[in-house]
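Within every chain, numbering begins at 1; the chains are lettered A, B, ... in the order of the sequence lines, protein sequences first and strands thereafter. Computed over heavy atoms, backbone and side chain alike; hydrogens, waters and symmetry mates excluded.
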Protein chains: 2
Amino acid sequence: MSKVSSSREAKPRGIREIELADQVFSALAHPARRQILLSVHNRGECNAGDIAKRFECSWPTTSRHLATLVNSGLLKVRQNGRERVYRADNRLLQRLLSKWAGYFGEDC
Amino acid sequence: MSKVSSSREAKPRGIREIELADQVFSALAHPARRQILLSVHNRGECNAGDIAKRFECSWPTTSRHLATLVNSGLLKVRQNGRERVYRADNRLLQRLLSKWAGYFGEDC
DNA sequence: TTTTTAATTAGCAAAGTTGCTAATTAAAAC
DNA sequence: GTTTTAATTAGCAACTTTGCTAATTAAAAA
């Protein structure tokens, strides 16, 4: 599971696309992370406690899944007082889905 | 990474869809497996040796990746003399992509 | 300023993944 | 029947992931 690069230099297109696939597929390889992502996406915005409450695993474990999703670029987070508010950023996923639909899709 | 179930009983829809996501995302979480899948898909059919030759890692390692892809349902294999011929089966991936495009897609 | 609340980080054990080489299986060629 | 070829399986070490509890950080409330 690769952490999203923080370097500011431009990267060749091929590299970016390999990283894109790696970030997204790795992040989505765990069922809890898929659930979390879908849940945040559907609810619009969620703080960590709301999310942790709704899952079986411990809060710290959820917290780590959240960090993984943020690192992959699939979630954005914003601090609000002592809460952290998470929101889905669909762009990476949309890029990846349309790319792979291009490879494998029968239509679209 | 869950092995695809071999039981013959019908399963509730929800379960099947969770397994679908698990199989596909887990299988695609490794870059070598993505490369192998794309390569087999593009070439139509490939035997194990052809595939192993074109990748850096050892043949047994490639062989295990192939087995993982077959278990996930993304590849089919057929024995031909002493060769094993692999072919991509796009159906699972298409189902998953359109499902997730439904969740996250901006268009389509 | 002390306590409560929201959340993460630290640290660790269990489990899973990956890659290698060596061993094995089984069909084909000789 | 022996050898070669195609491929997998076995076994093992290194690494990563996951989950837990305990400790920590920092904002809000009292």
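Ion pair B/R43/B/D50 not flagged as a salt bridge, since none of the NZ, NE, NH1 or NH2 atoms sits closer than 4.0 Å to an Asp/Glu carboxylate oxygen.
Taking a 4.0 Å limit (strictly below) on heavy-atom distances, residues 76-89 of chain A reaches DNA chain C at A/R82, A/E83, A/R84, A/Y86. Using a 4.0 Å cutoff on non-hydrogen atoms, the parts of residues 40-63 of chain B near DNA chain D are B/N47, B/A48, B/G49, B/W59, B/P60, B/S63, ordered by number.
Rounded to whole Å, the distance from CG on B/L75 to P on D/dA7 is 14 Å. The CG-P distance, from A/L28 to D/dT17, rounds to 15 Å in whole Å. Rounded to whole Å, the distance from CZ on A/R33 to P on D/dT16 is 15 Å. In this entry the distance linking CG of A/N71 with C1' of C/dT8 reads 13 Å, nearest Å. Between the NE2 atom of A/H65 and the C1' atom of C/dT9 there is a distance of 16 Å, rounded to whole Å. Taking atom CG of residue A/L66 and atom P of nucleotide C/dA7, one finds them 10 Å apart after rounding to whole Å. Protein atom CZ of B/R64 is 8 Å distant from nucleotide atom P of C/dT18, rounded to whole Å. Following rounding to the nearest Å, B/L69 (CG) and C/dT17 (P) show an atom-to-atom distance of 14 Å.
In this pair, B/W100 and B/F25 present their aromatic rings perpendicular. The plane angle is above 60°, beyond the 30 to 60° band.
Nucleotide C/dT17 forms a Watson-Crick or G-U wobble pair with D/dA14, both donor-acceptor distances falling under 3.5 Å.
In terms of modelled atom types and a separation under 3.5 Å, the side chain of A/N42 and the main chain of A/L38 share a donor-acceptor contact. Judged purely by atom type and a 3.5 angstrom limit, B/R33 has no side-chain atom pairing as donor or acceptor with the backbone of B/L28. At distances below 3.5 Å, not a single donor-acceptor pair connects side-chain atoms of A/S63 with backbone N or O atoms of A/P60. Between the side chain of A/T61 and the main chain of A/C57, no donor-acceptor pair closer than 3.5 Å is present.
Within 6.0 Å of CD on A/Q79 lie more than 12 heavy atoms contributed by other residues, nucleotides or ligands.
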Between A/R78 and A/E45, is a salt bridge (charged side-chain N to carboxylate O under 4.0 Å, His left out) present by the stated rule, with each step listed? CA-CA 10 Å; A/R78 147 178 85 76; A/E45 279 198 330; 3.0 Å; yes
Stepwise ring-ring contact (aromatic ring centres under 6.0 Å, His included) test for A/H41 and B/Y103: CA-CA 9 Å; A/H41 173 65; B/Y103 295 149; 8.0 Å; no
